[in-house]
Protein chains: 2
Amino acid sequence: MKTTISGCPIEDAMRLLSGRWRTLLVYYLIDGKKRFAQLRRDNPKISHRILTHELRALESAGVITRTVIPGKIAHVEYELTEAGHKLVPLINALGDWYEDLQRRRQAEAPQLTAS
Amino acid sequence: MKTTISGCPIEDAMRLLSGRWRTLLVYYLIDGKKRFAQLRRDNPKISHRILTHELRALESAGVITRTVIPGKIAHVEYELTEAGHKLVPLINALGDWYEDLQRRRQAEAPQLTAS
DNA sequence: TGTAAATTACGAACAATTATGTGACTGCCC
DNA sequence: GGGCAGTCACATAATTGTTCGTAATTTACA
């Protein structure tokens with residue numbers, strides 16, 4: 001999903017947030033600054049290449065900031081911007097919505113197993 | 001994004017809604033039932049195959065219903081479920097958030113063009 | 001004290017997996 | 001002959017992952 005088709009901001013928002021990792025990364029940054037390696041530990045399944053790529057995408061969109069801490073070894077800190085923090089309740093709401101959806105599905109189809 | 005990794009409902013919600021079309025289709029169903037061909041007219045860039053596929057995915061997730069209208073020619077109506085309607089304000093909020101993000105970006109970087 | 005190994009944050013080349021699209025075709029009706 | 005709602009086989013585009021290498025510094029251990 002590289003290109004925009006509808007010009008609708010909803011499509012743009014989804015273009016930014018689609019994919020497996022971006023919302024999860026935002027989620028893991030809720031409690032404050034984290035370093036690259038810490039984010040890898042948070043979700044061990046992500047490859048470093050993808051992590052780099054996804055973080056850069058979020059950075060260039062203005063959702064997070066990337067700060068290189070000068071000194072001894074290279075240290076990089078990632079942190080939500082104000083806009084990033086505003087996103088948090090929205091993705092939480094999506095998670096809640098999904099859980100509610102699942103509950104409905106289970107309640108609506110009891111005849112599948114019961115007689 | 002076929003598989004789940006984190007088990008987090010946020011990831012599940014994104015797995016359901018990721019991609020170019022799904023949120024747009026929900027959006028176009030806000031004002032009520034629509035038929036297949038009507039949805040194609042709403043967004044002419046979607047291919048019929050993908051439209052079918054995306055609608056089926058939303059249906060099997062419980063976001064929309066698919067109703068075949070019996071009679072003469074094949075007629076199919078798609079409509080948001082109650083859960084689908086609950087999703088609407090969330091994706092609208094995402095659109096608003098994105099617009100706000102864009103405004104910030106423009107306000108934050110005036111030095112790029114000004115002296 | 002010296003050397004090997006690990007950590008940190010990547011970049012480049014390549015490979016696999018998913019998503020999306022095209023064109024041809026169907027059966028039905030007016 | 002054209003609209004409706006698809007299906008099927010195929011093709012391309014986009015996303016996501018794997019492997020290898022880098023440069024610096026810190027720790028492990030003999």
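Hydrogens, waters and symmetry mates are skipped; everything else that's a heavy atom, side chains included, is used. Letters A, B, ... mirror the listed sequences (proteins, then strands); counts begin at 1. None of the values given here were measured: they were computed from a predicted structure.
Counting to the nearest Å, the C1' atom of D:dA24 and the CD1 atom of A:I69 are 17 Å from each other. Atom CD of A:E59 is separated from atom P of C:dA9 by 14 Å (rounded to the nearest Å). For A:I46 and D:dT16, the CD1 to P distance is 9 Å, given to the nearest whole Å. If you take CG of A:L51 and P of C:dA9, they are 10 Å apart, rounded to a whole angstrom. Put simply, CD on B:Q38 is 9 Å from P on D:dC4, counting in whole angstrom units. Across the protein-nucleic acid pair, A:E77 atom CD and C:dA9 atom P stand 9 Å apart, rounded to whole Å. B:I73 places its CD1 atom 4 Å from the C1' atom of C:dC29, with the value rounded to the nearest Å.
Under a 3.5 Å cut-off, the side chain of A:W97 and the backbone N or O of B:A83 do form a donor-acceptor pair. Under the 3.5 Å distance criterion, the side-chain polar atoms of B:R105 are matched with a main-chain donor or acceptor of A:S60. With hydrogens and angles disregarded, no donor-acceptor distance shorter than 3.5 Å links the side chain of A:R22 to the backbone of A:L58. Between the side chain of B:E11 and the backbone N or O of B:S6 there is at least one donor-acceptor pair closer than 3.5 Å. Counting only distance, with no hydrogens or angles, the side chain of A:E77 and the backbone of A:I69 share no donor-acceptor pair below 3.5 Å.
No hydrogens or angles considered: a donor-acceptor pair under 3.5 Å links the side chains of A:R41 and A:Q38.
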Worksheet item: Reading nucleotides 10-20 of chain C 5' to 3', which nucleotides get B (base under 4.0 Å from a protein heavy atom), which S (sugar-phosphate only), which -?
Response: BBBB----SSB

